[in-house]
2 protein chains.
Amino acid sequence: MSTRGRGLHGQLLETLGPAITAGEYPPGSVLRTDELAQRFEVSRSVMREAVRVLESMHLVESRRRVGVTVRPTAEWNVYDPQVIRWRLAGADRPRQLRSLTVLRSAVEPVAAGLAAQHATPEQCAELTECALGMVANSRGHQLEGYLFHDVNFHRVILNASGNEMFARLGDVVAEVLTGRTHHEVMFEDPDPAAVTLHVRVAEAVRARDAARAEELTREITLGALEELDILAPNARPATTG
Amino acid sequence: MSTRGRGLHGQLLETLGPAITAGEYPPGSVLRTDELAQRFEVSRSVMREAVRVLESMHLVESRRRVGVTVRPTAEWNVYDPQVIRWRLAGADRPRQLRSLTVLRSAVEPVAAGLAAQHATPEQCAELTECALGMVANSRGHQLEGYLFHDVNFHRVILNASGNEMFARLGDVVAEVLTGRTHHEVMFEDPDPAAVTLHVRVAEAVRARDAARAEELTREITLGALEELDILAPNARPATTG
DNA sequence: TGTGACAAATAAGTCTGACTTTTTCTCGCC
DNA sequence: GGCGAGAAAAAGTCAGACTTATTTGTCACA
């Protein structure tokens with residue numbers, strides 16, 4: 001059992017959650033708390049608390065006289081950061097990465113447009129700083145340094161949008177970018193065109209040019225999507241008609 | 001205590017969740033499980049399970065020797081459907097509605113564009129059916145019938161996009177639309193222009209015209225946003241610079 | 001006066017066993 | 001074959017004892 005997670009119930013969660021999201025217990029499977037508690041050598045109270053949390057994530061449903069049933073994938077709370085992390089660590093990571101990148105391509109351009117209208121001077125400054133940091137780390141395999149500034153850049157944009165729902169996607173974007181750098185093939189330095197685009201977005205926001213900030217950010221996210229489709233073409237859904 | 005929710009712990013959750021999201025226990029407040037268990041006349045196990053769930057929603061943090069601390073608003077899992085429902089039922093409902101509508105305006109146009117590429121013939125048919133249903137209920141105060149088809153229309157679009165993250169926003173959109181019809185001022189029949197736009201989106205999807213589907217959907221969501229700003233102008237964040 | 005170690009207090013965390021409640025299955029009856 | 005009573009099964013609830021981590025306070029020592 002994983003040792004991460006605060007407390008016994010936390011450790012249990014870090015074992016059961018990934019197991020379920022990985023399909024180890026496929027949808028429709030029925031688990032029994034008592035049996036699981038014995039198997040993992042924890043008390044029923046600990047197991048019950050873990051099951052409660054899984055239930056709140058819509059991963060399972062607990063019913064009397066039946067047991068704990070794994071719910072169909074379509075019902076899972078896929079916006080829960082913990083669920084996202086579990087799934088990104090699992091086997092169909094490429095598909096997850098693509099879903100999330102498509103989400104980014106919808107959200108971030110709009111967020112950038114709003115950021116151009118609402119960003120404080122401090123946020124503008126931080127944005128410029130991030131962009132410069134990306135430039136400074138764009139050559140010579142300084143991937144960690146580049147990643148750090150890249151993540152922060154997108155976080156600032158999302159926060160500066162002034163929209164709470166956008167702001168909360170900062171962690172998701174961070175996961176995607178980190179995943180891309182660490183787990184995908186990324187031997188080469190980042191695309192110079194992408195770096196330039198970030199610099200220009202920072203400029204557009206500072207200049208309060210919402211339309212330009214939006215369009216440039218759209219180019220960034222669509223670029224990320226194309227890059228992904230080159231690396232893992234099979235994750236792209238087929239086009240009908 | 002609310003009687004909704006399965007089981008005692010569920011009822012407790014339906015009491016504590018809304019109380020916390022409504023700011024009744026402001027961020028930083030410290031609760032003690034024993035005290036709460038006494039107050040609500042439940043056993044500690046039940047209270048502990050409820051707290052676990054609140055913790056998984058990042059509404060509270062539980063620490064030994066300290067107690068259960070309410071976390072700052074910015075850390076809440078605002079994409080959790082239950083949290084969304086609690087907040088929409090609370091005092092700052094207008095602000096929530098606006099945040100969610102802005103999210104819609106970012107996501108739905110892109111989803112519609114993808115739907116035009118990926119929708120199955122069945123989904124195209126259902127879309128048309130929904131649009132016709134909206135037309136049929138657009139006059140003479142048939143608000144419930146109109147709402148039903150409206151919700152379904154947007155659900156089909158999000159599902160047909162083929163993107164899991166988009167699809168899971170169907171419930172959110174349903175909440176927003178339902179809230180707009182039931183709780184906001186909506187004496188008059190729906191805007192005829194909006195109805196027409198829905199019909200045209202259905203046509204565009206059927207014709208596999210992604211660009212047009214996207215643009216028309218953008219008009220729908222931006223219209224919804226404007227409508228909201230007329231009804232509750234104070235929920236709109238100030239523009240800097 | 002400050003500082004470090006040690007002790008006490010506190011609240012969450014864990015375990016166990018008994019009991020309740022709901023739901024479902026089964027079996028006998030009509 | 002349908003229907004109702006009863007048995008069985010698994011989650012749900014409760015109470016109490018015990019454990020552990022963390023904070024806070026105290027006291028000796030520098």
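Note that this is a predicted model, so its numbers are computed, not measured. Residue numbers begin at 1 in each chain, while the letters A, B, ... track the order of the sequences.
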### Task
Taking only Lys NZ, Arg NE, NH1 and NH2, and the carboxylate oxygens of Asp or Glu, determine whether B/Asp150 and B/Arg180 approach each other closer than 4.0 Å.
yes
### Message
I need the residues from residues 43-59 of chain B with at least one non-hydrogen atom less than 4.0 Å from DNA chain C; give them sorted by number, or say none.
### Response
B/Arg44, B/Arg48, B/Arg52
### Task
For residues B/Leu88 and B/Leu100, determine if any side-chain heavy atom of one lies less than 4.5 Å from a side-chain heavy atom of the other.
yes
### Query
Of B/Val66 and A/Val66, whose closest DNA chain D nucleotide lies nearer the 5' terminus?
A/Val66
Only pairs under 3.5 Å count here: list side-chain donor-acceptor contacts from residues 64-71 of chain A, not counting sequence neighbours, and write none if there are none.
{"from": "A/Arg71", "atom 1": "NE", "to": "A/Glu75", "atom 2": "OE1", "distance (Å)": "2.8"}
{"from": "A/Arg71", "atom 1": "NH2", "to": "A/Glu75", "atom 2": "OE1", "distance (Å)": "3.1"}

Donor-acceptor list for residues 9-31 of chain A side chains, cut-off 3.5 Å, not counting sequence neighbours:
{"from": "A/His9", "atom 1": "NE2", "to": "B/Arg52", "atom 2": "NE", "distance (Å)": "3.0"}
{"from": "A/Glu14", "atom 1": "OE1", "to": "A/Trp86", "atom 2": "NE1", "distance (Å)": "3.2"}
{"from": "A/Glu14", "atom 1": "OE2", "to": "A/Gln82", "atom 2": "NE2", "distance (Å)": "3.0"}
{"from": "A/Thr15", "atom 1": "OG1", "to": "A/Ser2", "atom 2": "N", "distance (Å)": "3.3"}
{"from": "A/Thr15", "atom 1": "OG1", "to": "A/Gln11", "atom 2": "O", "distance (Å)": "3.1"}
{"from": "A/Thr21", "atom 1": "OG1", "to": "A/Gly17", "atom 2": "O", "distance (Å)": "3.0"}
{"from": "A/Thr21", "atom 1": "OG1", "to": "A/Pro18", "atom 2": "O", "distance (Å)": "3.2"}
{"from": "A/Tyr25", "atom 1": "OH", "to": "A/Arg39", "atom 2": "NH1", "distance (Å)": "3.4"}
{"from": "A/Ser29", "atom 1": "OG", "to": "A/Pro26", "atom 2": "O", "distance (Å)": "2.3"}

### Query
Can you give the dot-bracket line for DNA chain C, where a pair is Watson-Crick or G-U wobble with both atom distances under 3.5 Å, crossing pairs use [ ], and | marks a partner on another strand?
||||||||||||||||||||||||||||||
### Query
Roughly how far, to the nearest 0.5 Å, is CE of A/Met134 from CD of A/Glu129?
13.5 Å
### Task
Strictly below 4.0 Å, heavy-atom distances to any atom of DNA chain C: list the hits from residues 6-13 of chain A, or just say none.
A/Gly7, A/Leu8, A/His9
## Note on the structure
Walking DNA chain C from its 5' end, the first of A/Arg64 and B/Thr33 to be reached, judged by nearest nucleotide, is B/Thr33
### Query
Between A/His149 and A/His154, is any side-chain donor less than 3.5 angstrom from a side-chain acceptor?
no
### Message
Using a 3.5 Å distance criterion without hydrogens, assess whether the side chain of A/Asp92 forms a donor-acceptor pair with backbone atoms of A/Arg95.
### Response
no
### Message
Could you check whether any side-chain heavy atom of B/Phe148 comes within less than 4.5 Å of a side-chain heavy atom of B/Asn137, counting everything from C-beta outward?
### Response
no
### Query
Between A/Glu49 and A/Arg44, is there a salt bridge with N-O shorter than 4.0 Å?
no
### Distance (rounded to the nearest 0.5 Å) between B/Tyr79 OH and B/Asp171 CG
14.5 Å
### Query
Hey, are the side chains of B/Asn77 and A/Arg168 touching, using non-hydrogen atoms and a 4.5 Å cut-off?
yes
### Query
Can we say B/Glu164 and A/Arg98 salt-bridge, meaning some charged N sits less than 4.0 Å from an Asp/Glu carboxylate O?
no
### Summary
Bounded by its outermost nucleotides with an atom under 4.0 Å from a heavy atom of chain B, the footprint on DNA chain C reads C/dA9 to C/dT14
### Query
Do B/Val173 and B/Leu177 come close enough that some side-chain heavy atom pair is under 4.5 Å?
yes
